[in-house]
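Everything below concerns the one structure shown next.
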Protein chains: 4
Amino acid sequence: MGEVKSKRMPRAVRERQMLDAAVRTFGRRGYRGASMDEIADLAGVSKPLVYLYLNSKEDLFTACIRREAAALTAAVRAGVDPTLPADRQLWEGLLAFFTHTAENPDGWAVLHLQARTTGEPFAAEVHAMREEIVTFVTQLIGDASRAGRRDRELPLQEAAALAEALVGAAESLAAWANTTPGVPARQAAGTLMNFAWAGLGGLMEGRPWTPPERAQIPVAAG
Amino acid sequence: MGEVKSKRMPRAVRERQMLDAAVRTFGRRGYRGASMDEIADLAGVSKPLVYLYLNSKEDLFTACIRREAAALTAAVRAGVDPTLPADRQLWEGLLAFFTHTAENPDGWAVLHLQARTTGEPFAAEVHAMREEIVTFVTQLIGDASRAGRRDRELPLQEAAALAEALVGAAESLAAWANTTPGVPARQAAGTLMNFAWAGLGGLMEGRPWTPPERAQIPVAAG
Amino acid sequence: MGEVKSKRMPRAVRERQMLDAAVRTFGRRGYRGASMDEIADLAGVSKPLVYLYLNSKEDLFTACIRREAAALTAAVRAGVDPTLPADRQLWEGLLAFFTHTAENPDGWAVLHLQARTTGEPFAAEVHAMREEIVTFVTQLIGDASRAGRRDRELPLQEAAALAEALVGAAESLAAWANTTPGVPARQAAGTLMNFAWAGLGGLMEGRPWTPPERAQIPVAAG
Amino acid sequence: MGEVKSKRMPRAVRERQMLDAAVRTFGRRGYRGASMDEIADLAGVSKPLVYLYLNSKEDLFTACIRREAAALTAAVRAGVDPTLPADRQLWEGLLAFFTHTAENPDGWAVLHLQARTTGEPFAAEVHAMREEIVTFVTQLIGDASRAGRRDRELPLQEAAALAEALVGAAESLAAWANTTPGVPARQAAGTLMNFAWAGLGGLMEGRPWTPPERAQIPVAAG
DNA sequence: GATGAATGAGAGTTCATTCAT
DNA sequence: GATGAATGAACTCTCATTCAT
């Protein structure tokens with residue numbers, strides 16, 4: 001015996017196989033470049049079964065987006081301890097984010113590259129997830145601001161713009177880290193944390209942000 | 001009277017019309033989502049003429065990428081005065097970049113969103129342009145570092161990673177500024193300049209980077 | 001009732017229908033003149049199904065050539081008894097050849113007219129089959145020569161050239177017999193056999209080749 | 001000085017250039033495979049000029065057929081001396097035929113391969129020319145028959161069928177001689193003359209047809 | 001007389017999607 | 001529950017043909 005012909009599997013399992021195949025195919029070929037044939041083949045099922053379970057290409061893509069978005073936000077949430085100070089929370093969130101995207105490159109490609117370029121029904125889906133993260137970061141920045149010097153608290157809109165920049169930088173660095181060999185998640189997170197917290201100015205003046213516990217987080221390599 | 005049927009135009013003019021239409025269509029629909037029919041219609045010509053002048057969909061897309069990449073780098077180069085100090089150069093470059101992308105949203109979409117997701121022949125084309133910019137920013141960071149405190153000069157690899165983060169942040173902010181109404185190029189550039197130069201830490205401690213001339217560049221609104 | 005919509009047939013049957021339609025269409029219109037639409041219509045199926053089963057126009061044409069070439073050589077081989085003397089073998093081969101081409105005019109047109117004019121991938125396919133036949137005839141001529149007067153055995157090259165002429169004459173006569181009404185296969189074979197074996201000189205001197213069994217094979221009609 | 005831009009040529013010359021280009025292109029690509037663009041390019045003129053002079057692709061192809069057919073029949077006619085005995089006339093005709101087709105391979109391809117496979121308006125054009133030649137050969141065979149033994153004169157229909165076979169063999173040998181290197185026109189004509197006049201039987205019994213002294217065959221070279 | 005500019009019509013091919021079994 | 005059979009619609013690309021200059 002063996003799994004040569006593993007027919008008659010419970011629906012949930014089959015569905016997961018299909019989504020796995022779809023995420024991989026959409027992530028590499030894009031929405032239009034991916035064909036239902038290829039996805040069905042990769043999932044090891046017939047095409048009509050894909051339609052029976054997932055209705056249409058649109059629905060299938062949406063299901064991929066939702067699953068991957070949920071997985072990413074869950075991973076980040078799970079990595080952050082909300083009782084810690086803001087900078088520590090940010091550090092942990094970044095670490096979780098870079099780790100998850102590195103481990104799920106196809107899922108990340110679906111979210112970051114493909115869903116955003118394929119047009120409205122899908123872009124909105126991703127936008128919602130992103131908004132959640134940006135809001136979280138905005139709050140973090142606000143908290144840190146209040147906990148810092150009292151002279152000048154950052155107004156909300158300013159904090160939002162900064163959160164946008166920070167999240168954008170993280171997204172770009174994730175793509176860069178996934179593409180460039182030898183750049184682990186921890187290092188990407190370190191680079192960005194330094195950049196964000198100390199700024200170029202601070203870095204050049206020898207005042208880097210210092211990560212917790214593991215004393216040395218090198219900015220790039222060395 | 002009336003330009004109802006403005007036929008028979010010199011080749012150069014028609015070609016520009018076609019590229020304009022193609023950039024707009026590719027930018028909004030993506031490479032595969034765009035149809036040559038739609039492009040020809042939008043350009044006001046017949047499909048065969050598009051093929052006569054631009055050869056194929058691939059060639060047309062490549063021509064779009066090249067034109068837009070050249071326009072963007074030209075705009076940034078024109079905006080920067082290489083005799084100024086590094087932070088001023090960065091500021092001017094960002095301003096030029098945000099201004100140009102705001103004025104050419106479709107061109108920017110082609111470069112940033114579509115070309116990178118459509119696969120190798122095209123992604124490489126954009127990668128070359130981006131590399132040029134990243135190198136420029138890396139040098140800027142290096143220069144600033146050498147001009148600052150001598151205690152610790154940033155190593156090249158560190159500067160490169162920071163440049164990557166900075167460029168990535170700029171790219172993301174450009175998309176954000178183009179999408180969010182009421183965020184002009186100047187403000188996007190200001191936010192990013194502050195973020196990069198002072199860092200969140202610096203900002204929260206009331207040490208923002210101060211832009212030249214026009215005394216106050218508020219981070220977000222104001 | 002009625003077979004108005006006889007859908008859902010097994011693949012093998014559909015494939016044969018498609019090949020039949022393709023042979024007919026290619027035979028009459030030529031490779032380029034035939035459209036996949038027409039072939040699909042004639043086969044009673046939709047175009048995508050033709051592509052699903054036969055891949056491309058090129059592959060479809062190649063499949064036609066192979067099928068018809070195999071059928072023709074099989075028919076000739078089946079008609080010839082290799083234990084008989086050379087002239088009897090030639091007679092039987094010609095008879096089988098003219099009979100088969102008369103019964104499959106479209107297949108013969110594909111092989112003789114269309115495949116040879118459509119360019120290299122296809123011409124080579126037919127050339128191989130023809131070579132087989134020419135070789136067979138060359139051997140026959142050589143055998144007959146050895147069995148005849150010993151004064152002068154035909155050298156191989158001469159036999160090959162004669163075989164070429166004989167096969168060429170047969171091909172031309174096949175087209176003529178197929179086009180001219182009232183010229184049955186048996187008569188075409190008789191004419192050629194006389195021409196080949198006795199030559200014009202022998203015929204005019206009243207020394208025709210005499211076919212076996214059925215005493216009288218008239219040269220043309222009568 | 002210099003023919004760099006040899007514009008403004010008399011119509012007759014331009015037309016000949018176009019026909020030359022057309023014969024070459026049609027001969028190699030076939031009617032449908034040849035594009036008016038390629039023909040105009042090869043002729044060194046613009047496409048509208050081709051249309052101005054030759055009206056349409058159909059007309060152009062017809063013009064090619066007519067010109068090449070006229071040239072071929074003229075060459076054969078010029079090679080034959082009608083005062084000689086029948087076998088000598090046949091020999092001279094074959095020699096002229098093989099010589100002309102060897103010297104005009106594209107023209108021969110248009111007549112023999114392309115025009116016959118492209119469908120009715122064109123096939124009829126070639127058929128007429130061929131009929132002329134077949135009739136000529138039929139007469140030759142009849143003459144020879146009457147001049148030979150009186151026992152049995154060949155009936156007309158028999159002579160016609162033999163003429164058909166002879167012409168068919170000649171056509172096939174022409175293609176073979178043009179394709180096979182090292183087979184000059186004289187040899188092809190010799191092979192066929194032997195085949196036709198003596199027959200395989202006669203050849204094998206050592207009674208070949210003997211060509212006239214080489215001296216007075218001025219058809220090809222000398 | 002000669003041509004650059006332009007197109008209507010149709011070709012091969014692919015794909016998301018649905019029955020009938 | 002699962003699939004082999006089948007298709008409507010759309011897409012890229014080409015070609016013969018014609019104006020306007």
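Residue numbers start from 1 in every chain, and the chains themselves are labelled A, B, ... in the order their sequence lines are given, proteins ahead of strands.
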Practice prompt. Measure the distance from CD on C/E38 to P on E/dG10 and round it to the nearest whole Å.
Written response: 14 Å

Discussion item. Rounded to whole Å, please give me the gap between CD in B/E15 and P in E/dG4.
Written reply: 16 Å

Discussion item. Let me spell it out: for each of A/K47 and B/D37, pick the nucleotide of DNA chain F with the closest heavy atom. Which residue's pick is nearer the 5' end?
Written reply: A/K47

Practice prompt. Could you check which nucleotide pairs with E/dA20 in any of the strands shown, counting Watson-Crick or G-U wobble with both distances under 3.5 Å?
Written response: F/dT3

Worksheet item: Of the candidate nucleotides F/dT7, E/dT3, E/dT17, which contains the atom at the shortest distance from the side chain of A/M36?
Response: E/dT17

Worksheet entry | Rounded distance (Å) that lies between atom P of F/dA16 and atom CZ of C/R32 | 10 Å

Discussion item. Is B/R14 close enough to E/dA6 that one of its side-chain N or O atoms is under 4.0 Å from OP1 or OP2 there?
Written reply: yes

Worksheet entry | Shortest side-chain distance from B/P48, nucleotide among F/dA2, F/dA16, E/dG8 | E/dG8

Item to complete: Could you work out which one of E/dA16, F/dT12, E/dT13 sits closest to the side chain of A/S35?
Response: E/dA16

Item to complete: Can you figure out which of F/dA5, E/dT13, F/dT17 approaches the side chain of C/R11 most closely?
Response: F/dA5

Worksheet entry | Spacing between B/R29 atom CZ and F/dA10 atom P, to the nearest angstrom | 14 Å

Worksheet entry | Nucleotide paired to E/dA11 in any strand shown, Watson-Crick or G-U, under 3.5 Å | F/dT12

Fill in: Residue pair A/I39 / A/K57, side-chain heavy-atom distance below 4.5 Å
no

Worksheet entry | Note, B/T118 side chain near A/T117 side chain (heavy atom, < 4.5 Å) | no

Discussion item. What is the separation between atom CD1 on A/I39 and atom P on E/dT17, rounded to the nearest whole Å?
Written reply: 11 Å

Worksheet item: Would D/R11 count as a cation-pi partner of D/Y53, with NZ or CZ less than 6.0 Å from the six-membered ring centre and within 45° of the ring normal?
Response: yes

Worksheet, complete the sentence: From CG of D/L60 across to C1' of F/dC15 the rounded distance in Å is 15 Å

Worksheet item: Do C/D20 and C/R16 sit within salt-bridge range, that is, some charged N less than 4.0 Å from a carboxylate O?
Response: yes

Worksheet entry | Of B/V45 and C/A34, the one whose closest DNA chain E nucleotide lies more 5' | B/V45

Worksheet, complete the sentence: 5'-most contact on DNA chain E (nearest-nucleotide basis), D/Y53 vs C/Y51, goes to D/Y53

Discussion item. Among F/dC13, E/dA2, E/dA6, which nucleotide has an atom closest to any side-chain atom of B/L49?
Written reply: E/dA6

Worksheet item: D/D59 CG to F/dT18 P: how many Å, rounded?
Response: 11 Å

Worksheet entry | Residue mapping more 5' on DNA chain F - nearest nucleotide basis, A/G44 or B/K57 | A/G44

Item to complete: Send over the distance from C/D41 CG to E/dA11 P, rounded to a whole Å.
Response: 11 Å

Worksheet entry | Distance under 6.0 Å and angle within 45° of ring axis: B/R116 vs B/F122 | no

